[in-house]
There are 2 protein chains.
Amino acid sequence: MATLSEENYLKAIFHLSRHDKTVVSTNAIAQKMETKASSATDMIKKLFEKGLIDYEKYKGVKLTENGRLAAVSVIRKHRLWELFLVDKLRFSWDEVHEVAEQLEHIKSKKLTRELDAFLEFPTEDPHGDPIPDANGNMPSSQKLLLAKVKQLQRCICVGVKDSTPKFLQYLDKHKIALGTEITVLSRESYDESMALKINNIQRTISKEVAHNLFVKIS
Amino acid sequence: MATLSEENYLKAIFHLSRHDKTVVSTNAIAQKMETKASSATDMIKKLFEKGLIDYEKYKGVKLTENGRLAAVSVIRKHRLWELFLVDKLRFSWDEVHEVAEQLEHIKSKKLTRELDAFLEFPTEDPHGDPIPDANGNMPSSQKLLLAKVKQLQRCICVGVKDSTPKFLQYLDKHKIALGTEITVLSRESYDESMALKINNIQRTISKEVAHNLFVKIS
DNA sequence: TTTAATATTTAGATAAGACTAAAAATTTAT
DNA sequence: ATAAATTTTTAGTCTTATCTAAATATTAAA
Ligand SMILES: [Mn+2]
Ligand SMILES: [Mn+2]
Ligand SMILES: [Mn+2]
Ligand SMILES: [Mn+2]
């Protein structure tokens, strides 16, 4: 059974190898964990000893199947708890992450199973991120960044790439939520800002915002 | 802020000083924590340094007001979570303790507050134990042990003293739950066993059982 | 009131997880 | 191809929480 710290490292490695599925560097892990490379090396050795990662000195790291399952299990719990907090306990989507970081480490198969049932087997968390199932399968959605959407296309907001409170609060302030319909009016080539129609109101967003909102063409 | 281990020690000290409100010995703490006296001494020093207990070498230990508040806060969370698991997640009362031992350490004022509201401000956990309020006040109930009930008295089961799975499963098996009405028919002086009428069925229980069931005279 | 038994504390070790500083390997630049 | 820069690992230290063994204090017995 993995310790709390080991679980956090596994999650970090999983997220780092999500897109580019190549090996993950010690430095990348250290940076994501907000720790020093030497600490990352120490932990890498432990995870290797436990058969949770493949590792060769100086060659980087890759999750084994066991490591991937452990990581996904933690992510599953994280996202179920986030949804619980929003749907049942009146948390807003910018308040849940910190608490979920603690709750994701609670060890009880039954708890996870029953929480899943209580929430009626959800497939997405409050940020639009997919919730892995009990077997470790992660539903892959075909969402794309708002920045990629063509002019005059209509789309629906389905997720956020940046889920920091700062960004989520920005979205709240400008009445952008999951499910909100967005029409791309035009794009400014100078600064990559975009003119949008949101809820029949015209608004301009920056490149930063456009690159952190996931949408689905509708 | 207290660490997980410190919180567990505070809880142990609180429970040990609950009835006899005298000082608590190092050995008693070690025994309750299932650890060695030397480890208890180490922790006692830490808790003293943090102002959570009064302590004089060889003289035992007593919670300060801050220590009591910290202990009660953990107990509050423990009992709220136990109730949540039973009322919302289909756990039975003999399955909740272990998970609650983990959940009680989650740090989030809002989480505790909202969980309390979600459960509609309960006053008792699934074992009939009182749930302290947000200010650290513990409602003291006037329950007594079934062993003390006089012949031909009618009473209602309102709590358990021993809340181990073994005992709770015994009660389940014999259809004794919180709220069950019990009439004391007679007492055997030889072994202190008692003849009871429970749900109109006559049954004999041992001294051990009689000393671990709390009732209220009805 | 000495002695014996028990309880408590101290001393020294260990393991997990983190750190700094320094060494070694790899990658990039000249 | 060699030197410089960067990355990664190692060596040694620190903190928390635990342990065993030994020393000290307290309590009970003779
Ligand atoms: Mn999160
Ligand atoms: Mn999320
Ligand atoms: Mn409990
Ligand atoms: Mn309880």
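Reminder, nothing fancy here: chain letters follow the sequence lines and each chain counts from 1. Hydrogens, waters and symmetry mates play no part in the numbers below; they use all other heavy atoms, side chains included.
- For residues 85-99 of chain A, the pairs satisfying salt bridge (Lys or Arg N to Asp or Glu O under 4.0 Å) are A:Arg90-B:Glu114, A:Glu95-B:Lys110, with sequence neighbours left out.
- One finds a side-chain N or O of A:Thr26 lying less than 4.0 angstrom from the OP1 or OP2 phosphate oxygen of D:dT9.
- When ring centroids are compared, A:Phe84 and B:Phe84 come within the 6.0 Å threshold.
- Counting to the nearest Å, the P atom of D:dT8 and the CD1 atom of A:Ile29 are 9 Å from each other.
- One interatomic measurement links the two molecules: CZ of B:Phe48 to P of C:dT8, which rounds to 17 Å at whole-angstrom precision.
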> Please walk me through it: do A:Val96 and A:His127 pass side-chain contact (heavy atoms from CB on, under 4.5 Å)?
Replying inline: CA-CA 10 Å; A:Val96 295; A:His127 310 106; 3.7 Å; yes
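- Taking 4.0 angstrom as the limit, B:Asn27 places a side-chain polar atom (N or O) nearer than this to OP1 or OP2 of C:dT8.
- When the C1' atom of D:dA17 is taken as reference, atom CD of B:Glu34 falls 16 Å away, rounded to whole Å.
- Residue B:Lys45 has a polar side-chain atom (N or O) positioned under 4.0 Å from OP1 or OP2 of C:dT10.
- Note on B:Tyr9: every side-chain N or O is 4.0 Å or more away from OP1 and OP2 of D:dT16.
- In this structure, A:Ser39 reaches the bases: a heavy-atom distance under 4.0 Å links it to at least one base atom across the strands shown.
- The CH2 atom of A:Trp81 sits 8.0 Å away from atom OG1 of A:Thr112, with the distance rounded to the nearest 0.5 Å.
- Residue-level contact check: B:Thr41 touches the bases, meaning some heavy atom is under 4.0 Å from a base atom.
- For the OP1/OP2 pair of D:dT20 and a distance below 4.0 Å, the side-chain nitrogens and oxygens of B:Lys36 include at least one atom meeting the criterion.
- Remark: P of D:dT16 and NZ of B:Lys46 are 7 Å apart, rounded to the nearest angstrom.
- You'll find that the side chain of A:Ala37 is closest to D:dT9, out of D:dT18, D:dT9, C:dA18.
- One atom, NZ of B:Lys59, and another, P of C:dT8, lie 12 Å apart when rounded to the nearest Å.
- As rounded to whole Å, 14 Å separates atom C1' of C:dA21 from atom CG of A:Asp42.
- Within 6.0 Å of the CD atom in A:Glu6, the count of heavy atoms belonging to other residues, nucleotides or ligands exceeds 12.
- For the pair B:Thr35 and D:dC19, the criterion of a side-chain N or O lying under 4.0 Å from OP1 or OP2 is met.
- Among the nucleotides D:dT8, C:dT8, D:dA17, the one closest to any side-chain atom of B:Met43 is D:dA17.
- In this structure, A:Ser25 reaches the sugar-phosphate backbone alone: every heavy-atom distance under 4.0 Å involves primed, P, OP1 or OP2 atoms, never a base.
- Both A:Leu4 and A:Lys57 lie close to DNA chain C; mapped to their nearest nucleotides by heavy-atom distance, the more 5′-ward contact belongs to A:Leu4.
- The base of D:dT20 sits with one of its N or O atoms less than 3.5 Å from a complementary donor or acceptor on the side chain of B:Ser38.
- Dense packing is recorded around CD of A:Gln102, with more than 12 heavy atoms of other residues, nucleotides or ligands lying under 6.0 Å away.
- Regarding B:Lys50, its NZ atom lies at a distance of 12 Å from the C1' atom of D:dT15, rounded to whole Å.
- Note on A:Tyr58: every side-chain N or O is 4.0 Å or more away from OP1 and OP2 of C:dA23.
- Computed from coordinates, the B:Gln31 CD to C:dT6 P distance equals 15 Å when rounded to whole Å.
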